[in-house]
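Everything on this sheet refers to the single structure shown next.
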Amino acid sequence: MPRKIRKFKGKSLAKDLAEYTVIDIETTGLSTEYDEIIEIGALKIKDGQVIDSYSQLVKPKYRIDEFITKLTGITNEMVADKPKFIDIGMDFVNFIGNSILLGQNVNFDINFLYDRIYRDLNMHLENDFVDILRFSRKLFPELKNRKLKTVAKHLNIESITSHRAIADCEVTYKCYEEQLKIIKNMETTPELLFKKKHSHTLDAKDIVATTNQFDQNHILYNSVCAFTGKLEKMPRKEAMQLVVNIGGKCGNSLTKSTNFLIVGNFDYWSGIKNGKSSKQKKAEKYILEGQDLKVIPEDVFYDMVLGESDHNNL
DNA sequence: TCTCCTCGAGATCT
DNA sequence: CTCGAGGAGA
């Protein structure tokens with residue numbers, strides 16, 4: 001199991017905040033490993049108003065390339081006499097304090113800052129954060145993309161052409177405040193909007209036969225089938241449909257009336273013990289008790305359903 | 001019905 | 001990274 005990197009990193013929140021700190025950084029590239037911070041911007045917001053700001057250009061170890069200068073407008077000359085991160089890192093840490101951080105795809109900024117603060121100051125950036133990219137994905141799925149600029153335009157917020165930290169903070173916090181208004185108008189809250197949905201749409205009862213031509217001599221006719229594990233060749237729903245179209249029945253779980261347990265793959269399932277799922281172990285117990293139940297692998301199931309000849313062509 | 005898990009697909013940041 | 005789909009188990 002891969003060890004968790006940045007283990008003290010804060011949690012991602014979806015909240016309607018009265019007080020927070022917007023952050024944005026400019027860097028020499030996208031890689032936290034190889035690229036460097038060249039500008040930090042932050043705005044403290046309270047009740048929708050800017051109450052404090054922090055803006056600092058930072059001198060990187062390596063030169064800024066042309067692409068970044070063109071993108072941000074930040075040149076090597078501009079940072080030549082600026083402090084290195086190690087000299088101003090503490091100022092930034094003090095500025096944000098323990099406030100909740102907010103930004104567009106803010107994981108990008110947090111990861112850069114987390115690593116830099118740890119390396120230079122031997123401290124952990126533990127602040128919780130709000131990523132407004134999550135908001136726009138939820139609210140504006142119809143837009144061609146959810147880049148800050150696109151979202152700002154959609155919300156009639158003016159955004160300047162240059163990618164500079166403080167300017168982007170301005171746009172970001174305005175986008176957040178506007179999106180909060182939209183959520184309020186929907187008579188919901190961010191918490192409700194991001195509440196995990198129950199996506200268990202697969203209920204065996206919902207699967208009905210698409211034919212009434214049944215072969216009453218088929219081994220699965222009038223039988224009760226259950227599944228365990230992930231099937232290789234089709235979604236479980238399709239397999240259940242096959243059973244039902246033969247005139248069999250399906251259940252979500254293994255019961256006293258189950259006749260066939262079809263076993264798929266569960267190599268991926270780390271919680272599995274002795275290579276057998278609980279359904280399989282339950283089935284073995286029922287068989288010992290004399291139940292008319294067979295445990296069959298996926299391949300055998302296809303032989304039964306489709307016939308030997310078709311099986312080879314799958 | 002609820003919580004926990006895994007995987008694959010799809011974006012966004014400079 | 002985040003989400004949704006789809007599993008298991010209680």
Side-chain angles (χ1 to χ4, degrees), chain A residues 1-2 4-6 9-14 23-41 58 60 62 64-74 101-114 116 129-138 140-141 143-152 162-165 167-169 171-172 175 193-204 226-232 234-240 252-254 261-273 276-282:
Chain A
M1 202 166 89
K4 192 190 170 191
I5 216 83
R6 303 185 186 106
K9 186 174 162 182
K11 290 195 302 285
S12 173
L13 308 176
I23 59 168
D24 186 55
I25 62 173
E26 306 306 317
T27 68
T28 56
L30 294 172
S31 163
T32 51
E33 201 169 341
Y34 301 113
D35 294 314
E36 300 177 89
I37 296 170
I38 53 175
E39 188 180 36
I40 306 173
V58 179
Y62 302 103
I64 302 166
D65 68 34
E66 263 180 50
F67 174 79
I68 295 298
T69 293
K70 204 164 183 179
L71 183 72
T72 64
I74 299 170
L101 305 178
L102 183 141
Q104 168 80 347
N105 194 22
V106 74
N107 272 301
F108 172 82
D109 307 80
I110 298 228
N111 290 345
F112 258 99
L113 289 164
Y114 188 104
R116 204 67 239 178
F129 53 91
V130 170
D131 179 12
I132 71 162
L133 173 58
R134 293 178 67 199
F135 284 64
S136 40
R137 284 222 237 261
K138 198 69 93 171
F140 315 121
L143 293 182
K144 66 175 195 286
N145 61 56
R146 261 66 44 193
K147 292 178 183 180
L148 183 61
K149 206 163 186 170
T150 310
V151 173
S162 70
H163 269 78
R164 290 296 296 273
D168 282 355
C169 284
V171 176
T172 301
C175 284
L193 211 54
F194 289 94
K195 200 163 155 183
K196 302 260 188 214
K197 288 182 222 153
H198 264 189
S199 68
H200 290 111
T201 53
L202 180 61
D203 190 340
F227 293 81
T228 187
K230 181 191 170 77
L231 299 179
E232 290 290 330
M234 61 180 73
R236 188 181 288 195
K237 194 171 182 175
E238 282 178 32
M240 286 183 167
N252 289 325
S253 56
L254 195 109
L261 178 67
I262 295 97
V263 181
N265 211 326
F266 39 80
D267 292 344
Y268 69 93
W269 179 249
S270 58
I272 219 82
K273 302 278 193 296
K276 285 174 183 173
S277 70
S278 69
K279 277 182 185 173
Q280 197 168 344
K281 282 184 274 193
K282 194 173 174 184

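Residue numbers start from 1 in every chain, and the chains themselves are labelled A, B, ... in the order their sequence lines are given, proteins ahead of strands.
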Candidate nucleotides [options], ranked by approach to the side chain of [X] - the nearest:
X: A:N107; options: B:dT12, C:dC3, C:dC1; value: C:dC1
X: A:K138; options: C:dC3, C:dA8, B:dC13; value: C:dC3
X: A:K9; options: C:dC1, C:dA8, C:dT2; value: C:dC1
X: A:R134; options: C:dA8, C:dC3, B:dT14; value: C:dC3
X: A:Q104; options: B:dT12, B:dT14, C:dT2; value: B:dT12

For [X] and [N], what is the distance between atoms [atom1] and [atom2] respectively, to the nearest whole Å?
X: A:I37; N: B:dC13; atom1: CD1; atom2: P; value: 17 Å
X: A:L113; N: B:dC13; atom1: CG; atom2: C1'; value: 12 Å
X: A:N252; N: C:dA8; atom1: CG; atom2: P; value: 10 Å
X: A:L102; N: B:dC13; atom1: CG; atom2: P; value: 14 Å
X: A:L13; N: C:dC1; atom1: CG; atom2: C1'; value: 15 Å
X: A:K230; N: B:dC5; atom1: NZ; atom2: C1'; value: 13 Å
X: A:F194; N: C:dG4; atom1: CZ; atom2: P; value: 9 Å
X: A:D131; N: B:dT12; atom1: CG; atom2: P; value: 11 Å

Extract from the structure each pairing of a protein N or O with an N or O of nucleotides 8-11 of chain B at less than 3.5 Å, listing the distance.
from: B:dA11; atom 1: O3'; to: A:R137; atom 2: NH1; distance (Å): 3.2

*Name the one of A:I64, A:I40, A:I37, A:I38 that satisfies side-chain contact (heavy atoms from CB on, under 4.5 Å) with A:E26?*
A:I38
*asked:* Consider side-chain contact (heavy atoms from CB on, under 4.5 Å). Of A:I132, A:L133, A:D24, which one does A:T172 pass it with?
replied: A:I132
*Can you see which heavy atom on A:F140 is nearest to which on A:V151, and at what distance?*
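Nearest heavy atoms, A:F140 then A:V151: CE1-CG1, 4.0 Å.
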*Quick one: CG on A:L143 to OG1 on A:T150, what's the gap to the nearest 0.5 Å?*
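One gets 7.0 Å once the value is rounded to the nearest 0.5 Å.
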When we call it a touch if two heavy atoms are under 4.0 Å apart, what does [X] touch: a base, just sugar-phosphate, or nothing?
X: A:Y34; result: nothing
X: A:I38; result: nothing
X: A:D109; result: nothing
X: A:D168; result: sugar-phosphate
X: A:S31; result: nothing

[X] side-chain N/O to [Y] backbone N/O, donor-acceptor pair under 3.5 Å:
X: A:R116; Y: A:T32; answer: no
X: A:E39; Y: A:A165; answer: yes
X: A:Q104; Y: A:R146; answer: yes
X: A:T72; Y: A:R164; answer: no
X: A:D168; Y: A:H163; answer: no
X: A:K9; Y: A:N111; answer: no

*asked:* So that I can compare with my own list, what are the stems of DNA chain B, taken as at least three consecutive Watson-Crick or G-U pairs with distances under 3.5 Å?
replied: B:1-10 with C:1-10
*When you check the phosphate oxygens OP1 and OP2 of C:dT2, does a side-chain N or O of A:S12 lie under 4.0 Å from one of them?*
yes
*Phosphate OP1/OP2 of C:dG7: any A:T228 side-chain N/O under 4.0 Å*: no
